[in-house]
Amino acid sequence: MRKMFDEEEDDGFSDLDKKKILVTVIPFVLIILVLAITLLAGGMKKEKDDTEALQQSIMDYADEHGEAEASIRREEQSTPDAAGEASPSAAPADADKVTVSPGPVPDKDIMEQGKVDFSKVTYNTESQLKEMMAYWADNNQKALDDLANLERFMAMSWSLKGTDDYFYYGDKDANGLPNGTGIAVYRDNQYYYGEWKNGLRSGNGTWIHYHIHLTENKTDLYTYHQYTGGWKEDLPSGEGSEHYEYDTDLLKKGIGYDTNLIGSYLGGMVHGEFYITNLYADGTVKEWNATAEKGSWIYQSETKDKKGNRTVYVDIHDPENYIWMKPAENVNIQVPCLIVNAVIRSASS
């Protein structure tokens, strides 16, 4: 037994030896752990410091680069041209501007027959135009509107569908042509009351286009349009004004739609100085000044935006605020939908 015990002692360590080993090794292990933790913490701090330094460098660069770009833009905006004058600046892409509607022109024959068979509706052109003329002479707009929406009046206009003819009641010359004061009805619920000469609208008069839809309307912005003022050879010429009313459910946000244009016309086109009001989808109405020449608005400045839009109206309260328009649309601006040089048709029913 003694021998066996001695052999076990020779193969291992005594308790004293184990204690000595532990006392010697543990401090080294602790030292290594402390060093490892210190190095790890230092590395993380360094990495964090490096990351923050990199981010700051990026921000500094961005600031410097942005300032450089801003300087370049300012220089471009004020670069002198060949004549030594500063070139006009382009409007910023995010400018708070309003683009004018191109003046959507209603389709011809807007009044669909719908549920009413107008071919079976009885009407009498002479008596109806005489009735309407009396209200027009009294300047009774409500009565005119009510009459235009009656089936017998719509049937009278509908009978001219697809033609440029008109029914007439009023003064005539020796040849039976309108001459003096009279009233006419055209297709699409269009009416004219005023002065005539040699069968053409000449002098002063009012033209109205009622946009009456007997089927659901999804595209025609207008509900009513009129021109009042001077006429020459069947076209608006001289001082005059246009008035538009709209289906507000179809107005697009951010676009100004002309409601009143008061100015002068030449050959049916805008020509001269204008005072304009327009309507926005949110119900806002704004006032503008503009000048036109032979159907085109004269630009208020040389400024263009990135899409090439130009300034056509200027705010009457803020000379730095404009309405913009595409140059391609700034041509042949006229009273829309007019039927010109139409042929008189017998007023018999």
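All heavy atoms count here, side chains included; hydrogens, waters and symmetry mates do not.
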Any residue meeting side-chain hydrogen bond (donor to acceptor under 3.5 Å, both in side chains) with [X], in chain and number order, not counting sequence neighbours:
X: Q190; value: W207
X: N217; value: none
X: S127; value: N124

Just do the side-chain contact (heavy atoms from CB on, under 4.5 Å) check on Q141 and I208 with the steps written out, would you? CA-CA 11 Å; Q141 186 65 53; I208 293 179; 3.8 Å; yes
Tell me whether D164 is salt-bridged to R187, with the criterion being a basic N under 4.0 Å from an acidic carboxylate O.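 Between R187 and D164 there is a salt bridge, with a charged N closer than 4.0 Å to a carboxylate O.
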All side-chain contact (heavy atoms from CB on, under 4.5 Å) counterparts of [X], not counting sequence neighbours:
X: N139; value: none
X: P319; value: none
X: T122; value: none
X: E195; value: N204

Flag yes if more than 12 heavy atoms outside Y299 fall under 6.0 Å of its OH atom; otherwise flag no.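 Count over threshold, so yes.
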Pairs involving residues 233-251, ordered by first then second residue, that meet salt bridge (charged side-chain N to carboxylate O under 4.0 Å, His left out) (sequence neighbours left out):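 Non-adjacent pairs meeting salt bridge (charged side-chain N to carboxylate O under 4.0 Å, His left out): R201-D234.
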Could you name each residue pair satisfying salt bridge (charged side-chain N to carboxylate O under 4.0 Å, His left out) that touches residues 135-152, not counting sequence neighbours?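 Only E131-R152, K142-D146 qualify under salt bridge (charged side-chain N to carboxylate O under 4.0 Å, His left out).
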Of all residues at least two apart in sequence or in a different chain, which pass the ring-ring contact (aromatic ring centres under 6.0 Å, His included) check with Y191?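 Scan of Y191 (ring-ring contact (aromatic ring centres under 6.0 Å, His included), adjacent residues dropped) gives none.
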Holding to ring-ring contact (aromatic ring centres under 6.0 Å, His included), I want the full list of residues that pass it with Y193, two or more places apart in sequence or in another chain.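 Only W136 meet the ring-ring contact (aromatic ring centres under 6.0 Å, His included) criterion with Y193.
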Donor-acceptor under 3.5 Å ([X] side chain, [Y] main chain):
X: N175; Y: L177; answer: no
X: N330; Y: W297; answer: yes
X: S237; Y: G267; answer: yes
X: Y246; Y: D258; answer: yes
X: S157; Y: M154; answer: no
X: S241; Y: I262; answer: no
X: Y313; Y: I316; answer: no

If only side-chain N and O atoms count, and only distance matters, is there a donor-acceptor pair under 3.5 Å linking W196 with D171?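 The answer is no; no qualifying pair exists.
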Using only heavy-atom distances, determine whether the side chains of T311 and T303 contain a donor-acceptor pair under 3.5 Å.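 No, no side-chain donor-acceptor contact under 3.5 Å.
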Compare every heavy atom of [Y] with every heavy atom of [X], then report the nearest pair and how far apart it is.
X: H317; Y: D315; result: N-OD1, 2.8 Å
X: Y322; Y: S301; result: OH-CB, 4.4 Å
X: G308; Y: P327; result: O-CD, 3.3 Å
X: I344; Y: G176; result: CD1-O, 4.3 Å
X: G199; Y: Y166; result: O-OH, 3.5 Å
X: N278; Y: Y280; result: OD1-CE1, 3.0 Å

Are Y244 and Y224 an aromatic pair, judged by ring center distance below 6.0 Å?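 No; Y244 has its ring centre 6.0 Å or more from that of Y224.
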Do the non-hydrogen side-chain atoms of [X] and [Y] ever get within less than 4.5 Å of each other?
X: M133; Y: T181; value: yes
X: M156; Y: M132; value: no
X: Y192; Y: P178; value: no
X: K304; Y: N309; value: no

Same cluster (ILVMFWY, side-chain, under 4.5 Å), [X] and [Y]:
X: I298; Y: W288; result: no
X: Y123; Y: L150; result: yes
X: V331; Y: L261; result: no
X: L200; Y: M269; result: no
X: I276; Y: L251; result: yes

For Y186 and D188, what are the C-alpha separation, side-chain angles and deciding distance, and is it a side chain to side chain donor-acceptor pair (under 3.5 Å)? CA-CA 7 Å; Y186 305 79; D188 295 343; over 6 Å; no
How far does [atom1] of [X] sit from [atom2] of [Y], to the nearest 0.5 angstrom?
X: K161; Y: S119; atom1: NZ; atom2: OG; result: 12.5 Å
X: H243; Y: Q226; atom1: NE2; atom2: CD; result: 6.5 Å
X: L235; Y: L338; atom1: CG; atom2: CG; result: 7.0 Å

Let's go through E329 and V312 carefully: what are the C-alpha distance in whole Å and the side-chain angles of both, what is the deciding distance for side-chain contact (heavy atoms from CB on, under 4.5 Å) to 0.1 Å, and is it a yes or a no? CA-CA 11 Å; E329 294 170 348; V312 290; over 6 Å; no
Got a sec, which pairs hit side-chain hydrogen bond (donor to acceptor under 3.5 Å, both in side chains) with one end in residues 268-277, sequence neighbours left out?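 Residue pairs with at least one partner in residues 268-277: T259-T277, N260-T277, Y275-E287.
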Assign the ring pair H213 / H211 to parallel, tilted or perpendicular, where the plane angle (0 to 90°) is split at 30° and 60°.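 Rings of H213 and H211: tilted, as their planes differ by 30° to 60°.
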Kindly indicate, with the supporting measurements, whether the criterion ring pair (Phe, Tyr, Trp, His ring centres under 6.0 Å) is fulfilled by Y265 and Y227. CA-CA 11 Å; Y265 295 76; Y227 167 82; 5.1 Å; yes
Verify side-chain contact (heavy atoms from CB on, under 4.5 Å) between Y210 and L144, making sure each step is shown before the conclusion. CA-CA 10 Å; Y210 291 99; L144 293 175; 3.8 Å; yes
Where do Q334 and N332 land on the side-chain contact (heavy atoms from CB on, under 4.5 Å) test, with the steps shown first? CA-CA 6 Å; Q334 57 192 303; N332 298 324; 4.1 Å; yes
